[in-house]
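Reckoned from all heavy atoms, side chains included, excluding hydrogens, waters and symmetry mates. Note that this is a predicted model, so its numbers are computed, not measured. We number each residue from 1, following the sequence as shown.
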Amino acid sequence: MVEIIIPVGPNDNLEWVKRSVESALSQPVDRVVIYDNSERTDISDFFSSLRGNLKYIRDKRMRKVNMARLRNKLLSLSSEKYIIMLDSDVVIPKDYSRRLIERLESGIAFTWMHYAYSESEIDKPLSLNEHNPNLGCAGLNTEVIRSIGNFDERYERDEDVWLYAKLKKLGYRVEPTEGRCLHLNKVHARLNFSSSLIEAKRNLWRSKYDIMLMMDGLTDLTFLTGYSYYGSYYILGILSMFFHPLALVYIPLIGYGLYYYKGIKKYVFNLIPGLALALSFPYGLGYNLVKKFK
C-alpha cells in the first residue's frame with residue numbers, strides 16, 4: 001500500500017486545505033491520512049463531510065511548533081514502506097504521486113518535487129542550480145528513515161535539509177523528482193517586498209540550524225553557497241572602507257545576481273532575505289557554541 005499523509009495545523013487556510021486534500025484524493029494511492037491538530041471546528045466539519053479512502057485523525061494542538069517532531073508523528077501513523085508527505089497548502093497534480101513512488105522503487109530513500117507558484121510553472125523543467133529539498137511534496141522510504149532513528153527533533157524548523165544531509169552522508173540516494181507541486185502560499189516565492197521581508201525575518205534565526213549541521217558533520221556545500229555569496233556583500237563593504245577601489249568588485253557581484261535571478265525585481269526580492277541570512281551567521285555560531293559548552 002501507498003499512503004499520502006497530510007498534517008493540518010491551527011493557522012492553516014481552509015480553502016488551501018480543501019484544494020490540497022482534494023488533489024491527494026485524486027491520486028492513485030491506497031489511502032490518504034489526515035493528521036489534524038488544529039483544534040478548529042471549521043476544519044473538522046470539512047473532513048467529516050468527506051468520503052472515500054480517507055483516514056482522519058484529530059489530536060491536540062502542538063503548543064510549540066517543532067516540524068521534526070511533527071514529521072515523526074506522521075511517520076508513526078503509517079506502517080507502509082513508501083509514503084508521500086504533502087503539506088496542507090500544497091497541491092499535487094493528478095497522477096504525480098506515481099512519479100514519486102517510481103523514484104522510491106528505483107532505490108531512492110528521499111525524493112521531492114520542487115514548488116511551482118502558478119499553474120503555468122507546474123511543468124517547468126528543473127534548472128541546473130535548483131536543488132532545494134522539501135517535505136511539503138515528498139516521497140519517503142520509511143524503512144530507511146526509521147533505521148536512522150527518525151527525524152532529529154533538534155532541527156525544529158529545518159528537518160528537510162537535515163534529512164537530506166543525513167541520508168546523503170550515510171550513502172543513501174536523495175534526489176528530486178521531475179515535475180512540480182503547486183504551493184498555494186506564495187510567501188516563499190518572494191514575489192514582493194512584503195514576502196521578501198517575511199523571509200528575511202525567518203532567515204535571521206535559520207543559521208542556527210545550518211551551523212548545527214556543520215557541528216554534526218552534515219554540512220553540504222550546496223547549502224553554504226548563500227552564506228558565501230551574500231556574506232561577500234558585507235566583507236566587500238568593510239574592505240572597501242579601507243581600500244576604495246575594491247568597491248568596483250560589486251559590479252560583477254551584482255551582475256552575477258542579476259544573471260542568476262533573471263531580472264532586477266527578483267534579484268532585489270531575494271537579496272533582502274539573503275543578506276539577512278548572512279547577517280545571522282554570528283548568531284547561529286554563538287547559539288551552537290553556547291549549547292555545546294553549556
Side-chain angles (χ1 to χ4, degrees), residues 67 112 114-118 121 124 126-134 136 155-162 164-165 168 176 183 185-292:
M67 292 304 298
W112 65 92
H114 285 84
Y115 293 135
Y117 291 94
S118 67
E121 294 179 337
K124 178 183 175 183
L126 297 180
S127 64
L128 197 60
N129 296 319
E130 193 172 14
H131 203 71
N132 302 305
N134 71 77
Y155 290 86
E156 300 176 13
R157 297 291 189 95
D158 222 12
E159 81 289 0
D160 45 8
V161 175
W162 172 84
Y164 172 90
K168 190 173 181 182
H183 206 309
N185 186 348
K186 293 181 170 55
V187 169
H188 300 301
R190 304 172 182 178
L191 299 176
N192 50 47
F193 275 113
S194 176
S195 61
S196 180
L197 290 172
I198 290 172
E199 284 289 280
K201 183 179 179 181
R202 173 179 177 268
N203 280 353
L204 286 174
W205 50 256
R206 181 181 166 187
S207 63
K208 72 179 183 181
Y209 299 116
D210 293 328
I211 304 299
M212 197 182 298
L213 285 170
M214 291 176 60
M215 291 188 168
D216 287 347
L218 298 175
T219 301
D220 190 288
L221 293 177
T222 305
F223 303 115
L224 292 180
T225 54
Y227 288 99
S228 58
Y229 177 74
Y230 293 110
S232 64
Y233 280 79
Y234 293 107
I235 294 171
L236 187 58
I238 294 170
L239 294 177
S240 298
M241 293 172 62
F242 300 98
F243 186 63
H244 302 318
L246 277 178
L248 294 173
V249 180
Y250 273 115
I251 296 174
L253 189 67
I254 294 172
Y256 175 79
L258 292 171
Y259 169 78
Y260 182 84
Y261 289 111
K262 305 293 189 295
I264 296 176
K265 282 180 64 175
K266 196 169 182 180
Y267 162 74
V268 171
F269 293 154
N270 280 275
L271 178 65
I272 296 170
L275 291 175
L277 179 68
L279 186 64
S280 73
F281 188 87
Y283 157 73
L285 182 61
Y287 174 89
N288 280 278
L289 287 175
V290 169
K291 294 281 284 188
K292 183 175 182 179

Colleague: Side chains of Asp158 and Asp210: does their closest heavy-atom pair fall under 4.5 Å?
Modeller: yes
Colleague: With side chains defined as the heavy atoms from C-beta onward, is the minimum distance between Leu239 and Val249 less than 4.5 Å?
Modeller: no
Colleague: Could you tell me if the side chain of Leu218 sits less than 4.5 Å from the side chain of Trp162, heavy atoms only?
Modeller: yes
Colleague: Sequence neighbours excluded, which residues qualify as side-chain hydrogen bond (donor to acceptor under 3.5 Å, both in side chains) partners of His114?
Modeller: none
Colleague: Determine all donor-acceptor pairs shorter than 3.5 Å in which one atom belongs to a side chain in residues 257-268; sequence neighbours excluded.
Modeller:
unit_1: Tyr261; atom_1: OH; unit_2: Tyr230; atom_2: OH; d: 2.8
unit_1: Lys262; atom_1: NZ; unit_2: Tyr259; atom_2: O; d: 3.3
unit_1: Tyr267; atom_1: OH; unit_2: Tyr233; atom_2: OH; d: 2.7

Colleague: What donor-acceptor contacts under 3.5 angstrom involve side-chain atoms of residues 284-292, with partners at least two apart or in another chain?
Modeller:
unit_1: Asn288; atom_1: ND2; unit_2: Lys208; atom_2: O; d: 2.9
unit_1: Asn288; atom_1: ND2; unit_2: Gly284; atom_2: O; d: 2.8

Colleague: As an exercise, state the distance from CG of Leu246 to NE2 of His244, rounded to the nearest 0.5 Å.
Modeller: 10.5 Å
Colleague: Quick check for you: to the nearest 0.5 Å, what is the distance between Leu277 atom CG and Asn270 atom CG?
Modeller: 11.5 Å
Colleague: I need the Tyr164 OH to Leu213 CG distance, nearest 0.5 Å.
Modeller: 12.0 Å
Colleague: For Asn192, check side-chain hydrogen bond (donor to acceptor under 3.5 Å, both in side chains) against everything at least two apart and list the hits.
Modeller: Ser195
Colleague: I want to check something: taking the side chain as every heavy atom from C-beta on, are Phe193 and Ile272 in contact at a cut-off of under 4.5 Å?
Modeller: yes
Colleague: Run the side-chain hydrogen bond (donor to acceptor under 3.5 Å, both in side chains) test against Glu159 and tell me which residues pass, sequence neighbours left out.
Modeller: Arg71
Colleague: For atom NZ of Lys201, is the number of surrounding heavy atoms from other residues, nucleotides or ligands below 6.0 Å larger than 12?
Modeller: no
Colleague: Using the six-membered ring wherever Trp is involved, compare the ring planes of Tyr155 and Tyr209 and label them parallel, tilted or perpendicular (cut-offs 30° and 60°).
Modeller: tilted
Colleague: Are His188 and Tyr117 side-chain neighbours, meaning at least one heavy-atom pair lies under 4.5 Å?
Modeller: yes
Colleague: Listed by chain and number, what are the side-chain hydrogen bond (donor to acceptor under 3.5 Å, both in side chains) partners of Asn203, not counting sequence neighbours?
Modeller: none
